[in-house]
Structure formats: structure tokens, C-alpha cells
> 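Once you've had a glance at the structure underneath, I'll fire off some questions.
Worth knowing before you read on, the calculation uses all heavy atoms, side chains too, and leaves out hydrogens, waters and symmetry mates.
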Amino acid sequence: MKPSTGEKVSISFRGVVVGLDDPAGAPAATAPSPQPPYPSDATDARAGSAASAGGVAARAHRSLPLLSYPRGELLRDGRPHRILSGSLHYFRVHPDLWADRLDRLAALGLNTVDTYVPWNFHERTRGLPRFDGWCDVERFTELAQEAGLDVILRPGPYICAEWDNGGLPAWLTGAPGMRLRSSYRPFLDEVARWFDALIPRLARLQASFGGPIAAVQIENEYGSYGDDRGYVRWVRDALADRGITELLYTADGPTDLMQDAGTVPGQLATATFGSRAADAAALLRSRRDGEPFVCAEFWNGWFDHWGEPHHVRSAAGAADTLGEILDAGGSVSIYMAHGGTNFGLWSGANHDGTALQPTVTSYDSDAPVAEHGAAGPKFHALRERLLAATGATPRPLPPLAAPLPPRVLRPVPGAGLLAGLGALAERAVASPHPLGFDDLGQASGLVLYRAEPHLPPGTQTLTVTGLHDRAQVFVDGACAGVLDRETGSVTVPGAGAQVRLELLVENQGRINYGPLLGQGKGVLGGVQVERRLVHGWTMHGLPLDEWTPEEVRRAPASAAPHGTSGFATARFTVNEPADTFLAFPGFAKGFAWVNGTLLGRYWEIGPQVTLYVPAPLVVPGENTVTVLELERFGDRIELRDGPELGPGEEFVESFD
């Protein structure tokens, strides 16, 4: 959108004045330099967004919401309408590819895009929210309008989305005594402060001001979490008080239990599901007579956990369920229409009651628009159903650029694991007891714990209690074993002398769903040798996702090569940037960067084999792949010309 006048415009919502010079009062001048996954070369469209939004405010003309249902039928600007939406998360797609992916959703036959807003992505440091570069949700919203799409906004504050900590900042969930997603006043105060920064920016992009935002979700699937109905109403009021005047709605699973606690009287209630559309429609209509049937998330695919199968859903099966929703007169949002990637360390985790289930780096989700933008059989099967329902003329599908040709790269070993990480840690924190990540003010990455206990002669049992999530145990530099939450003990050799004990602890992703949301990371209990606690610890924080490209460049030279793990680099040269896919045959587990941007984790247990490298991360000339391998180097790194996400296994969520 372009401003209709060059005049400066400011809008006041609930006492928060939004002007062009200082949008939402964001402290841009004091914000830290962009860090992965905020690439330093990402477009900063803040000024353009603010000016455009000001122009939208200046030509405000609508007094009623764009979407309404006065007699039970969904209307758009007074005309019968069906929401045909798809989920696309701007935070999982490189900003240079936002326009391309939005065009692909439009080509799928959709008229709307919906996105979550992850609080922790925007406000990694309390009091310093960011809305530039990869965080420029306003620019994403404007690009959606340019693609001819309405926008549904899902600002949380909790989003789930298989995203680290369900979108809540670690500094918030780690605050002593914090009680999440409830009427607990300290939590509400933090949400109010965040909404003061976020909501006015997007309120001025509503349809009532000529923008594309047509609906806003209240919280997210709250009925699956708690029954504090006052809290959900508070979120509704917080949105309205800050200027949201378009359609408000709730989204919950298709059961009475979930709908009971998540809905708000007077606001549209929708359902999220992957099958049995007729049952969901009947449930909603029995509870909310006079409201249109809306599937807020149609799970046409599913996400993956490390060590589990790659979940897929057949094109025919997904199309059949979509057809059931449409045949029932329903509106729908396809989740995901385009999944994207959990770049950096943003992938979350689940817990099945027995073990942690960390989510893989890819969020392809077997979506109709694949992680790299390809349109497969599911795209065409769903488009056929959508176009048949609307009678619309199909929009052209943008061509997919060719990837880089395959090649093999030879990794050059760099700093050994323990020496390299010890040299890179910014500071050592001493404590009689081991401290967790939250105690250290660290959201993600690794922490290297060091102590010097005396080990009696013979084999001793070393036990770590409250380990979250995975620890490599070293005695005098030799690896004695790997522990996780479920296997907290290992035997270590003693010789009646003091040893150097080191635990390299990895946060594998904060839990994003269920009652364990917000759980801490690191060693949250103690470390014992037999029955005796080990005291006198130093903790070395390693927030890998906060390292700058320059820090990543220096890391391999931080110490001498040693052993079979640590840093390694490989280089490749291209004339023209294009997509590529990294594979690490022979490597065990670690992290990979391209030109200083952290792509995410790789792990030989699968199912994911390749890491997606979007073309905007590749530069003409020489490119550098940096690897931090935790266990065992392979002898090559491969550039492949397509994704490999593992053997597929059919999965359809049915709430059985």
C-alpha cells in the first residue's frame, strides 16, 4: 500500500500513540544489532511500513467489521462469503521470499492468509521489541494485500505452532513464580506491555482503515490448556482496547471439553481438526446456533519429531476432507498451506508424558506448498476442490527456480569441541550448585558445566537429576556417555583423585504445548557421584543462535583441532545464488550455519536428512558452511538438489 498523503498521521489506541517517526514507541535506536535468524542483509522496511500504515489510517472509511454473520451466514462487506485461508508464518520464511510464497497461496485458490505472531521472536530481550527485517510483520501484511489476500492475525500471546516455548519469551516463563496463560496479574501485565507495542501497529492495517486484516484470533486453543475463562475474556478486551475492531474469534479442538473453556460469549467459535468435518460442524452448530461453520485449522499434513517417522497425508485424503468442509458450507484455513523452516533454534518440543519429543528443523508439514516452494500433487488436488467451490479462474503458479547443481564438499576440521566451546563462552558463572539456562539469562543453545570432584577408585555411578534435555559427560576430556531426561545415570572411572568433570548440556527446544509449557532447561536438579552431591560449578553459556556472522567465522579458529568433534568448515563457489539442500553423511548430531546464518540442527536419527538453504542466504562467489558437530565428523558435506525429509508414514489426527 502507498500513502495517500505525505502528511504525518498518528493514531491513539488506549492511550498508545502511534506516529510515523516512532511507530508504537519501539526503541529502534537502542535495539541490538540483528542476529540470526535476523540476517543483517534482510530488508528493513520499517519506515515504509509506517508511512504506508499512516496513509491507511488517513483514508479510514469503514465503521463496521469487514466480516460479519448477522443471520448466521458469513458476509464480507455485506455479501455472502467463504473464508478460504492458508497458514503461512512470516517467521519461518526468509523475508525476500514472502512475496513469492504469498503468490503461491493465491495460486492455490485461497482468498486469505493467516499467521501467528510469536512474541519471543520479536522481543528476545525484555523491553526491546523489534519490528524490522525478519520481524517486519507490517511489511508481510502489506505484501499479502498486494497479493490480493485478506489477512487473519493470530497474536496469541501464546501460539503453540510447534514453536519454541509456544511463542512465549524465555525471560517471561523463567521469571520466579510466573503463572502462564491465566489471570495471574504479573503475566497479564507483561502481555499488556507487549500488546501495547504490537497491536496498534496492526490495528491500523485493519480493513476498517483500508488494510487487509479482516479477523483477529483471541489467544490460541485455550480450551486444550486451562479453564480460566476470565483470562480469555481479558485477552479479548485487551485486543479491543488497543483498536481491534474487525471480527474476533476463538479456535479450539472439536470436543466439548476444548470448546467449553476456550470460547467467549458473543465471539465467533471455530474448530481445529484434521478429519471428521461433519462431526465438527455438528458440534459447533449444536453449541453456537446462528454462527457460521469455520475450520480455523484444517490439518492437511503434520509436523515431525526427531527419531520418529516423517508424517505425510495423501493428496486424495486431504482433498476429501477439505471437500467435506466445503460441502458443509464451511470456511477453512489450511494448516499449513506453506510450512517453511524452523531456522536457528526456534523449533519447539512436545512431551508425551514419558519422553521429550523435540521437533525437527523443517516445518514442511507435507503442506501443498513445500518448504522450498514446490507444488506437488497435494497442491493440485486441493486447488481443484477450492476452485470447484468458488468457480474462480485459477491464478498462475509462479515458476520454481532451479536449485544449485549437486556437489560434494570436503570439511576442514577446526577447533575441538571442548576447547573451542570453552574459548567461545563469553563468561563463566560460578555457583555452588549447577544453574539452569533461565538462571543464566539464556534462552537456547548449549551450556558447558564444569566441576572438579574427587572420584574414589573403581567404577562410580554419576547421576544428573532434572536434566533438560541432553548432556554429554566428559571426564578429563574423554566422553563417558550421553544422558537425556530418561537416562540420567552413567558409570565413570575413578582413581582416587580429582577429575575434570564437564557436562555439555543442550536445550533441544522448549515445550510448546500442554501443562509443561514454560519448563526450564539445563541441569535443574543436581549432579551426584553415587550418593554424594557435586558442588563448585562454573557454567559457560553458549547461545549459538545469538552469535553474529563474525563470531561464527572466528569460531573454527578459536582452538586447535582435536578428536572427532568440534567445528568444521566447507566452502563452495557459485555464480548465481539459488536454493540448495545440505546433507551431512557420516556426521552424528550438530548445528549448521551458511555464511553466518544458523540454519538449525541436524541429527542422524532422522527423519530429516537435508537442511533447506534458501537462495537469499547464498551469495555470488565464495560461500562458507560452518558445522558444530557434537559427536562424530563425517568425511563430506553434500549440496543436494532436493529435500530429503525421511520415509513417509501416513498420519491423520482424529482426536480418538
Side-chain angles (χ1 to χ4, degrees), residues 31-42 124-125 133-134 343-346 361 409-429 437 440-450 472 474 477 502 504-507 538-574 582 584 587-602 611 613 616-634 636-637:
S33 300
Q35 307 295 341
Y38 310 120
S40 58
D41 62 347
R124 297 180 66 145
T125 301
W134 213 316
F343 292 109
L345 301 180
W346 288 114
T361 299
L409 313 179
R410 296 301 174 187
V412 177
L417 182 65
L418 294 178
L421 293 179
L424 292 166
E426 293 182 1
R427 60 191 176 94
V429 177
F437 278 57
L440 299 170
Q442 182 175 325
S444 52
L446 306 168
V447 170
L448 180 60
Y449 293 77
R450 285 175 168 163
Q472 294 169 256
F474 299 88
E502 294 167 297
L504 183 58
V505 176
E506 178 189 357
N507 168 359
T538 57
M539 277 65 59
H540 305 260
L542 296 156
L544 309 181
D545 55 333
E546 297 180 16
W547 287 356
T548 66
E550 177 60 23
E551 288 173 316
V552 175
R553 186 189 67 80
R554 294 199 309 262
S558 61
H562 178 75
T564 62
S565 59
F567 289 93
T569 56
R571 290 177 169 80
F572 63 96
T573 302
V574 301
L582 288 180
F584 305 92
F587 287 74
K589 187 181 197 301
F591 310 87
W593 292 258
V594 168
N595 297 327
T597 294
L598 180 57
L599 298 178
R601 298 175 173 88
Y602 63 86
L611 295 182
V613 184
L617 297 183
V618 180
V619 299
E622 186 176 78
N623 293 263
T624 302
V625 179
T626 305
V627 170
L628 172 56
E629 168 58 45
L630 300 179
E631 296 182 10
R632 181 188 68 250
F633 288 129
R636 68 190 190 277
I637 296 172

> State, to 0.1 Å, how close G541 and V447 come at their nearest heavy-atom pair, and which atoms those are.
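So the minimum-distance heavy-atom pair works out to CA-CG2, 4.3 Å.
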> Test of understanding: with side chain to side chain donor-acceptor pair (under 3.5 Å), list the residues that count as partners of R636, not counting sequence neighbours.
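With neighbours one apart ignored, the set is E638.
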> Less than 4.5 Å apart, any side-chain heavy atom of F591 and any of L630?
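With C-beta onward as the side chain, the pair touches.
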> Under the 3.5 angstrom rule, does the side chain of E629 hit a backbone N or O of A588 as a donor-acceptor pair?
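At least one qualifying donor-acceptor pair exists.
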> Check each of L345, L628, N507 against L446 using the side-chain contact (heavy atoms from CB on, under 4.5 Å) test, and report the only one that passes.
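Answer after filtering L345, L628, N507: L628.
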> Please test E631 against Q472 for side-chain contact (heavy atoms from CB on, under 4.5 Å), starting from the C-alpha separation and ending with a verdict.
CA-CA 9 Å; E631 296 182 10; Q472 294 169 256; 3.9 Å; yes
> Does the side-chain contact (heavy atoms from CB on, under 4.5 Å) test come out yes or no for L582 and Y602, once each step is laid out?
CA-CA 10 Å; L582 288 180; Y602 63 86; over 6 Å; no
> So V574 and V619, side-chain contact (heavy atoms from CB on, under 4.5 Å) or not? Walk me through it.
CA-CA 7 Å; V574 301; V619 299; over 6 Å; no
> Side chains of F567 and L421: closer than 4.5 Å at any heavy-atom pair?
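Yes, side chains in contact.
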> Ignoring hydrogens and angles, tell me if any N or O in the side chain of T564 forms a donor-acceptor pair with the backbone of R632 under 3.5 Å.
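No, because the side chain of T564 does not come within donor-acceptor range (under 3.5 Å) of the backbone of R632.
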> So for atom CZ, which belongs to R410, do other residues, nucleotides or ligands contribute more than 12 heavy atoms lying within a distance under 6.0 Å?
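Counting other residues, nucleotides and ligands, CZ of R410 exceeds 12 neighbours.
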> Do the side chains of R571 and E622 get close enough for a salt bridge, i.e. N-O under 4.0 angstrom?
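Counted as a salt bridge, because a side-chain N and a carboxylate O are separated by less than 4.0 Å.
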> Compare all side-chain heavy atoms of Q442 with those of M539 and state whether any distance is below 4.5 angstrom.
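With C-beta onward as the side chain, the pair stays apart.
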> Indicate yes or no: at least one non-hydrogen side-chain atom of F343 is less than 4.5 angstrom from one of T597.
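No, too far: nothing below the 4.5 Å cut-off.
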> Is a donor on one side and an acceptor on the other found under 3.5 Å between the side chain of N623 and the backbone of N595?
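Side chain of N623 to backbone of N595: no pair is present.
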> Side-chain contact test, heavy atoms from C-beta onward, threshold under 4.5 Å: evaluate it for L544 versus L542 and give yes or no.
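Counting from C-beta outward, L544 and L542 do come under 4.5 Å.
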> Grab the two heavy atoms, one from W593 and one from V627, that are nearest each other, plus how far apart they are.
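Closest approach of W593 to V627, heavy atoms only: CZ3-C, 4.5 Å.
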> Could you tell me how the ring of F587 sits relative to the ring of F633: parallel (under 30°), tilted (30 to 60°) or perpendicular (over 60°)?
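If you compare the ring of F587 with that of F633, the planes turn out perpendicular.
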